[in-house]
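Note that the numbering runs from 1 along the sequence shown for the chain. Order of listing sets the numbers, starting from 1, for every ligand and every atom in it.
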Amino acid sequence: MQSLVIFGATGSIGSSTLDLVRKYPDKFRILGISARKNIAPLKEIAEEFKVPYLAVEREEDAKRLASSLSYKACVESGEEGLRRLAELEEAQTLVVGISGIKGLIPAYYGLLAGKRVALANKESLVVAGSLLKKAAKNGGGEIIPVDSEHSALFQLICGRKEEVEELYLTASGGPFYFCSEKELSRVTPEMAVKHPNWKMGAKISVDSATLMNKGFEVIEAMELFNFPVDKIKVLVHPQSIVHGLVKLRDGSVLAHLSVPDMRLAILYALTYPERYPLELSPLDLARIGKLEFFSPDTKKFPCLEIAYEVAHEGGLKPLILEAADEVVVEFFLQGKIRFLQIPYFLKKVLEKLEFKERVENLSISQILEYHREVRKFTEELICSQ
Ligand code: MG
């Protein structure tokens with residue numbers, strides 16, 4: 001029986017994980033769950049699985065939740081609550097499905113406490129990859145990627161690291177890949193949050209539409225696989241069937257194919273190196289008929305190039321990009337800036353901000369502080385224009 005803690009239990013990664021636990025009740029038990037403010041759905045999950053440890057964002061929610069449960073549970077709150085859940089002695093695997101910088105907290109403390117971290121949160125790797133790797137080394141924990149492309153690459157690289165020369169991440173291209181510049185200038189938030197192939201939150205759907213998400217994933221791959229960034233390529237692949245490819249030293253290319261369903265990557269992260277059976281709708285290649293691949297158009301979608309530049313510069317530049325992107329996307333979702341202004345503001349922030357520190361020498365609270373600082377700077381910059 002593997003004891004799991006699911007961070008972001010009410011989100012899409014959380015729901016998929018719960019689904020797997022229901023399929024394999026004799027293999028997994030849920031020791032802890034967290035959510036920010038989705039208290040009612042969290043309570044429902046807690047009651048279904050009688051989860052002993054819970055964490056929410058606000059203290060008042062924690063108190064109310066604890067007294068409303070039909071059984072006795074320990075309900076924590078705030079960043080401290082995330083940390084406690086990550087460090088639970090009985091916990092073996094943490095599923096980090098929180099989006100945003102807060103995912104760094106359970107990932108970091110979990111790795112330091114020697115846990116397996118099934119990591120769906122890309123922000124933590126983008127912002128503080130070297131810090132997480134240091135925590136894993138010192139604490140004995142391990143990161144198993146849940147992001148679909150990285151799970152694919154992880155499976156492809158396994159056992160042949162020395163033979164791999166290049167990594168390829170695929171991108172659906174988002175909903176606007178084939179739009180003209182003129183059409184892009186009229187993209188509204190409602191249009192941008194509808195992703196063609198994956199069900200995801202609003203922020204990541206916008207990132208996917210600008211290709212910023214793929215940019216972050218390049219940085220994520222660089223950190224996860226300790227791979228030089230110019231050996232990590234992106235291919236636009238609208239069908240989202242091939243998730244990753246590796247080119248080997250003799251020129252052979254191996255690819256990972258599956259139906260787009262996050263449960264595959266999650267289950268593999270939980271069971272690795274074993275592979276459990278999973279009945280999803282089968283991959284019917286004859287019905288799909290064709291698989292297409294294109295080079296990304298970085299002129300139309302400059303965010304991808306911005307991410308490559310930032311990856312080359314290293315240091316705190318990826319943190320600046322990630323924090324700035326959060327704010328810029330919020331402004332776009334609120335209808336305050338236009339779709340095509342997203343890369344413009346990101347470039348402006350990157351031009352103006354510079355921190356000299358090395359990520360691995362910072363503490364988690366310092367990282368969060370820098371992140372807040374960049375967010376504030378970005379807000380002020382947009383408002384001043
Ligand atoms: Mg992905």
Evaluate Tyr276 against Tyr268 for ring pair (Phe, Tyr, Trp, His ring centres under 6.0 Å), listing each step before the verdict. CA-CA 8 Å; Tyr276 285 11; Tyr268 192 67; over 10 Å; no

For the Mg ion (ligand 1), which N, O or S atom of Glu217 is at the shortest distance? OE2

To make sure I understand the geometry: which N, O or S atom in Glu149 is closest to the Mg ion (ligand 1)? OE1

With no hydrogens and no angle check, just 3.5 Å: does a side-chain donor-acceptor pair link Glu57 and Ser77? no

Going by atom types alone, do Glu166 and Tyr168 pair a side-chain donor with an acceptor below 3.5 Å? yes

Any carboxylate oxygen within less than 4.0 angstrom of a Lys/Arg side-chain nitrogen, looking at Glu373 and Lys376? no

Per residue Asp147, nearest N, O or S atom to the Mg ion (ligand 1) is named OD1

